[in-house]
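Before I ask anything, let me first share the structure, which is written out below as structure tokens.
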There are 2 protein chains.
Amino acid sequence: MTERNSSKAQAITSEVRRRIVDREWRQGDRIPDEAELAVEFGVARATVNKALQMLAEEGLLDRKRRAGTHVTVNPARKAVLTIPIVREQIEQAGMEYSHRVVAQRRSPLPAEIAARMSLPEGCELIHLRTVHYGDDKPFQAEDRWINPAAAPGAEAVDFQRITANEWLVRNFPWLHADMAFSAENASARDARLLETRQGTALLILTRTTFNDLGAITSVRVAFHPGYAMIATH
Amino acid sequence: MTERNSSKAQAITSEVRRRIVDREWRQGDRIPDEAELAVEFGVARATVNKALQMLAEEGLLDRKRRAGTHVTVNPARKAVLTIPIVREQIEQAGMEYSHRVVAQRRSPLPAEIAARMSLPEGCELIHLRTVHYGDDKPFQAEDRWINPAAAPGAEAVDFQRITANEWLVRNFPWLHADMAFSAENASARDARLLETRQGTALLILTRTTFNDLGAITSVRVAFHPGYAMIATH
DNA sequence: TGCCAAAATAAGTTTAGACATAGAGTTGAA
DNA sequence: TTCAACTCTATGTCTAAACTTATTTTGGCA
């Protein structure tokens, strides 16, 4: 049996994965039930259960009470993205981090962002525009709206000293987040902030986070040209 | 205690999450150990363990043996992306799916893709270019290389009838995948295939999958302009 | 003081056993 | 034939107890 973590459950996931990859168990096949596998591997049923649940979460197995466990027919590919704190990301790459607050004021909320945040259009939020640099080269430009109703104290913070992201993450953990990746041609402003040409394709991440008081913040991050967001599975 | 799934472990994760969001337990704080929480919630320690492990995976808690469980200071945001099978995605949106194989031939592998697949440059793979349509409007253009050494039988498949993705997914489950999102200005070819203007910003997904025989396939998917990849947490 | 070994502790894992529950399969009445 | 009611089974969940292991703390010794 292929080992992995010295843990029995991990060893079982590896072995089951191997059987699937080697097509001993084919897509759609029903695999032996937990009790049988427990006997085969010489472990308790709870251990087999843990292993199979991991593989089900990964999307390799479909499990249903009474119907048993089947190898997923068309496994959808799931990928876990880790969106790091900008500063940490830049410092980890061995570059020197700096950032510049381009604008900070109260402004009435545009319709599009109001919809994302489930707030009435035109209500006043804190609007913040920041550029983050690695070794003085623009890394990402962020355009952020902060809801002081869900994040009290935001108005008194000096966002030159601490980034909005870090302050928010540290002070207002969220319950739920919406996220989307898209591509946009750099606007004149994007181009200026990221020191590139207008029209250049930029990877855009928009993210809105909520806690029990409603939307905390909505941010549009434009990455520098050529940036790639990595995910693994 | 906030309920969620009728399961005790879920109820505990909800309650712990609430305490963190409501700042009863602050970032960096050490929370009571499993035994104490088990007494407080009136459950077995294993149940508390399961609940806290879920929150640790989510990134809300840091756990170390002997040192205890702490609320994560700078939680990195993790998001799970589900990359659906194109056809299913289009049909789910209520559109009619169709696809067109633009080119299919054996070609020597370009350097960049060879590197991604850990194969020698110039070795011959199956090169496939396909456009996927929803209601006859281009949805995505894919440029795929298939390694017949890791996916035997690929040369005999009629990719007009079944998409390469579906055939591969059904026949060659993978062990590991590399994925990246980026943005590119549409090349002349991209523009023609996606019926848009050259230079338009396109969301690009590149994905390479591996099994125990090596790289199975490497694909570059260009989505139609304006497409957004959604993730939630 | 500084260093190393031993003790203590909190999480990690496993087990056997129990009960819960979804849902496929079967039966019987209309 | 059809459908509702029931049965049965594989997974889902929980428990109490034990053992393992990483890591911190402590205390002895040089």
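This is a predicted model, so every value here is computed, not measured. Proteins get letters first, then strands, A, B, ... in listed order; numbering begins at 1 in each.
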Distance check needed: D:dT23 C1' versus B:Asp62 CG, whole Å only.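 Between C1' of D:dT23 and CG of B:Asp62: 15 Å.
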
Do the side chain of B:Arg65 and the base of D:dT21 come within less than 3.5 angstrom through a donor-acceptor pair of N or O atoms?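 Check passes, donor-acceptor contact within cut-off.
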
Give me the atom names and distance for the closest heavy-atom approach of B:Ala215 to B:Thr208.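 Looking at all heavy atoms of both residues, the closest pair is CB-CG2, 4.5 Å.
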
May I have the distance from B:Met54 (atom CE) to D:dT13 (atom C1'), rounded to whole angstrom?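 Distance, rounded to whole Å: 11 Å.
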
Grab the CZ-C1' distance between A:Arg45 and D:dT11 for me, whole Å please.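 The answer, rounded to whole Å, is 6 Å.
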
Could you give the CZ-to-P distance, from B:Arg30 to D:dT25, as a whole number of Å?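 Whole-Å distance recorded here is 9 Å.
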
Just call it for A:Arg66: base, sugar-phosphate, or nothing, with non-hydrogen atoms closer than 4.0 Å on any strand.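 Here A:Arg66 touches the bases of the nucleic acid.
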
Mark yes when over 12 heavy atoms from residues, nucleotides or ligands other than A:Glu112 sit less than 6.0 Å from its CD; otherwise mark no.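 Open: at most 12 neighbouring heavy atoms sit under 6.0 Å from CD of A:Glu112.
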
D:dT11 phosphate, OP1 or OP2, under 4.0 Å from A:Gln53 side-chain N/O: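 For A:Gln53, the contact criterion (side-chain N or O under 4.0 Å from OP1 or OP2 of D:dT11) is not met.
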
Under 4.0 Å: is that the gap between some side-chain N or O of B:Arg63 and OP1 or OP2 of C:dG12?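 The answer is yes; a side-chain N or O of B:Arg63 sits under 4.0 Å from OP1 or OP2.
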
Can you check whether B:Leu168 reaches B:Arg144 side chain to side chain, under 4.5 Å on heavy atoms?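 The answer is yes; the side chains approach within 4.5 Å.
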
Would you say B:Thr47 places a side-chain N or O within less than 4.0 Å of OP1 or OP2 belonging to D:dT13?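 No, no such contact exists.
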
Which part of the nucleic acid, if any, lies within contact of B:Ala9, taking any heavy atom under 4.0 Å across all strands shown: a base, the sugar-phosphate backbone alone, or nothing?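 Contact class for B:Ala9: sugar-phosphate only.
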
Return the minimal non-hydrogen interatomic distance between B:Ala183 and A:Ala183, and the atom names on each side.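 That would be CB-CB, 3.9 Å.
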
Interatomic distance, B:Glu34 CD vs C:dT14 P [rounded to whole Å]: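 Taking atom P of C:dT14 as the reference, CD of B:Glu34 is at 15 Å.
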
Any A:Asn49 side-chain nitrogen or oxygen under 4.0 Å from OP1 or OP2 of D:dT11: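 Result: no.
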
Does D:dT13 have its OP1 or OP2 closer than 4.0 Å to a side-chain nitrogen or oxygen of B:Lys8?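 Answer is no, no contact under 4.0 Å.
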
Which pair of non-hydrogen atoms, one from B:Leu205 and one from B:Phe223, has the smallest distance, and what is that distance?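 That closest heavy-atom pairing would be CB-CE1, 3.9 Å.
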
With a cut-off of less than 4.0 Å, is there a side-chain N or O of B:Thr69 near OP1 or OP2 of C:dA11?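 So the side-chain polar atoms of B:Thr69 do come within 4.0 Å of the phosphate oxygens OP1 or OP2 of C:dA11, strictly under.
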
Length of the NZ-P vector between B:Lys50 and D:dT15, whole Å: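 Taking NZ of B:Lys50 and P of D:dT15, I get 11 Å after rounding.
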
For the pair made of NZ in A:Lys64 and P in C:dA22, what is the distance, rounded to whole Å?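 Going from NZ in A:Lys64 over to P in C:dA22 covers 14 Å.
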
Check the distance between D:dT11's P and A:Leu55's CG and give it to me in whole angstrom.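 After rounding, the reported distance stands at 13 Å.
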
